[in-house]
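Notes follow the structure.
Letters A, B, ... are given to chains in the order of the sequence lines, protein chains preceding strands, and every chain is numbered from 1.
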2 protein chains.
Amino acid sequence: MAESDCRKNLIAAAVPLFAAKGLNGVSVRELAGAAGVNLSMISYYFGGKEGLYAAVLTEQFAILGKLEEIEQMEIDTLQKFELYVRATVSRYRSNPYLLRFYTSELTNPTACFETIIKPAIKRVVQMLLETFADGLSGRKFRDDLNPTDTVLALAGMINFYFLLEPATAELVDHSPERDEQLIRHIMDIFTRGVLR
Amino acid sequence: MAESDCRKNLIAAAVPLFAAKGLNGVSVRELAGAAGVNLSMISYYFGGKEGLYAAVLTEQFAILGKLEEIEQMEIDTLQKFELYVRATVSRYRSNPYLLRFYTSELTNPTACFETIIKPAIKRVVQMLLETFADGLSGRKFRDDLNPTDTVLALAGMINFYFLLEPATAELVDHSPERDEQLIRHIMDIFTRGVLR
DNA sequence: ATCCTTCGTTCAAACGTTTGATCAGTTTTA
DNA sequence: TAAAACTGATCAAACGTTTGAACGAAGGAT
């Protein structure tokens with residue numbers, strides 16, 4: 001076998017378990033069992049259950065970091081916002097656990113919140129704020145809008161749609177086939193809201 | 001002492017504890033200690049820890065129910081939406097734990113999710129949908145908008161602002177003094193988005 | 001070539017602690 | 001005095017972590 005299948009298996013098995021039940025909702029025996037690995041391997045490789053949880057969160061949020069590529073692009077400000085929206089949606093689709101981890105940490109923070117989640121969220125919000133400032137200085141956007149409220153409104157429209165899925169699945173069509181429609185809808189509202 | 005101070009104290013003490021750490025993050029001893037009550041009182045009054053949790057959630061979501069008063073009012077559709085927004089914001093201010101409980105259940109559902117949280121959320125979404133349908137039939141609103149996406153966008157703008165507070169407190173002014181500005185901002189974006 | 005040691009990895013077993021729940025008994029209330 | 005409210009002690013089960021032994025691979029030393 002390759003070097004440390006244990007480590008890999010543990011993280012892979014831990015992702016859906018931690019996402020569904022939270023740090024305190026899963027036992028080390030359940031984690032080890034799901035990974036097909038001896039339970040002491042958790043302490044051996046990660047120093048304990050919290051270490052495994054931190055490793056999972058680190059891996060999950062590494063995916064989020066690549067939003068910065070969009071910020072550097074030399075395109076229209078509104079197009080940039082649309083790219084953010086598209087990137088977020090496709091991220092949630094390819095990784096259905098990401099949103100769970102970060103809302104779980106927002107409501108029931110663990111030790112990882114200050115070290116991993118909070119900096120990651122602040123970075124995204126700051127990125128959106130800078131893009132909005134670009135649009136403002138380009139005289140494209142209304143200057144009577146509060147910038148933070150505006151970018152949080154955009155973020156809220158996207159994130160809340162996915163957050164609410166477990167409760168509204170019977171009421172709203174959340175299928176990926178409708179994502180394009182959702183993106184256009186959000187950008188429609190947002191554009192009418194911010195343009196001069 | 002009055003009849004069953006125990007029961008009252010337990011719920012009062014359990015609200016912030018469960019909200020901060022979730023069902024599995026708090027022990028019965030911690031709950032009883034915070035309430036200044038013998039630990040066996042939890043089983044005596046609520047049949048166990050989960051029973052206390054269910055009682056807390058029931059109490060929390062009873063507050064939510066009064067949104068229906070707004071639906072029955074005979075006022076302009078857009079004003080009705082603004083009242084929803086105002087009611088939600090003032091609810092989150094007077095009860096800072098409500099949002100935590102319901103997002104916690106959305107990400108890490110317990111037995112209460114199907115019985116309490118999901119029906120409550122569905123009821124709110126349905127209410128918003130009906131109001132939007134009123135606006136549609138009154139030819140006030142654009143008829144090319146997906147109704148569910150529209151009402152979820154409105155809900156997302158409000159809820160996400162409060163959900164993100166622990167992470168963005170240093171970046172965004174979340175003080176209650178700014179609530180009026182927030183409400184106007186959200187209604188501004190929403191109005192421009194949906195009006196014909 | 002053979003032996004011995006060391007290393008990283010894995011294992012079953014046991015560790016001490018904490019968990020949620022229960023019970024017999026006592027106090028309070030009506 | 002009977003019912004309701006409450007207490008402290010105790011329970012088995014589950015918790016996360018640690019332990020010491022076992023394993024194959026790798027590297028010198030003889």
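In this structure, A/Y45 reaches the C/dT10 phosphate: one of its side-chain N or O atoms is under 4.0 Å from OP1 or OP2.
Atom CG in A/L52 sits roughly 14 Å away from atom C1' in D/dT17 (whole-Å rounding). Here C/dT17 presents its P atom at 19 Å from CD of B/E30, a figure rounded to the nearest Å. As rounded to whole Å, 12 Å separates atom P of C/dT9 from atom CG of A/D5. Across the protein-nucleic acid pair, A/L10 atom CG and D/dG16 atom C1' stand 14 Å apart, rounded to whole Å. The interatomic distance linking A/L31 (CG) with D/dG16 (P) rounds to 8 Å, in whole Å. Distance, B/I42 CD1 to C/dT19 C1': 12 Å, rounded to whole Å. Between the CZ atom of B/F46 and the C1' atom of D/dA5 there is a distance of 14 Å, given to the nearest Å. The nearest whole Å value for the distance from the OH atom in A/Y53 to the P atom in D/dG16 is 14 Å.
In this structure, the side chain of A/R142 does not engage the main chain of A/V194 through any donor-acceptor pair within 3.5 Å. No donor-acceptor pair closer than 3.5 Å links the side chain of B/K122 to the backbone N or O of A/L171. Side-chain atoms of A/T115 come within 3.5 Å of backbone atoms of A/C112 as a donor-acceptor pair (strictly under, hydrogens ignored). With A/H174 contributing its side chain and A/Y161 its backbone, the two residues share a donor-acceptor pair below 3.5 Å.
Here the closest non-hydrogen pair linking B/L39 and B/A32 is CA-CB, 3.5 Å.
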>> Treating primed atoms plus P, OP1 and OP2 as sugar-phosphate and everything else as base, which nucleotides of nucleotides 7-14 of chain D get B, S or - for protein heavy atoms under 4.0 Å?
In response: BB------

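Remark: of the listed residues A/L23, A/V26, A/L31, A/L23 is the sole one forming a side-chain contact (heavy atoms from CB on, under 4.5 Å) with A/Y53.
Non-hydrogen atoms lying under 4.0 Å from DNA chain D are contributed by nothing in residues 11-25 of chain B.
With rounding to the nearest 0.5 Å, the separation of CD in A/Q79 from CD in A/E82 is 7.5 Å.
With 3.5 Å as the limit, one finds no donor-acceptor pair spanning the side chains of A/N38 and A/Y44. Judged by distance alone, the side chains of B/S104 and A/N108 do bring a donor and an acceptor atom under 3.5 Å apart.
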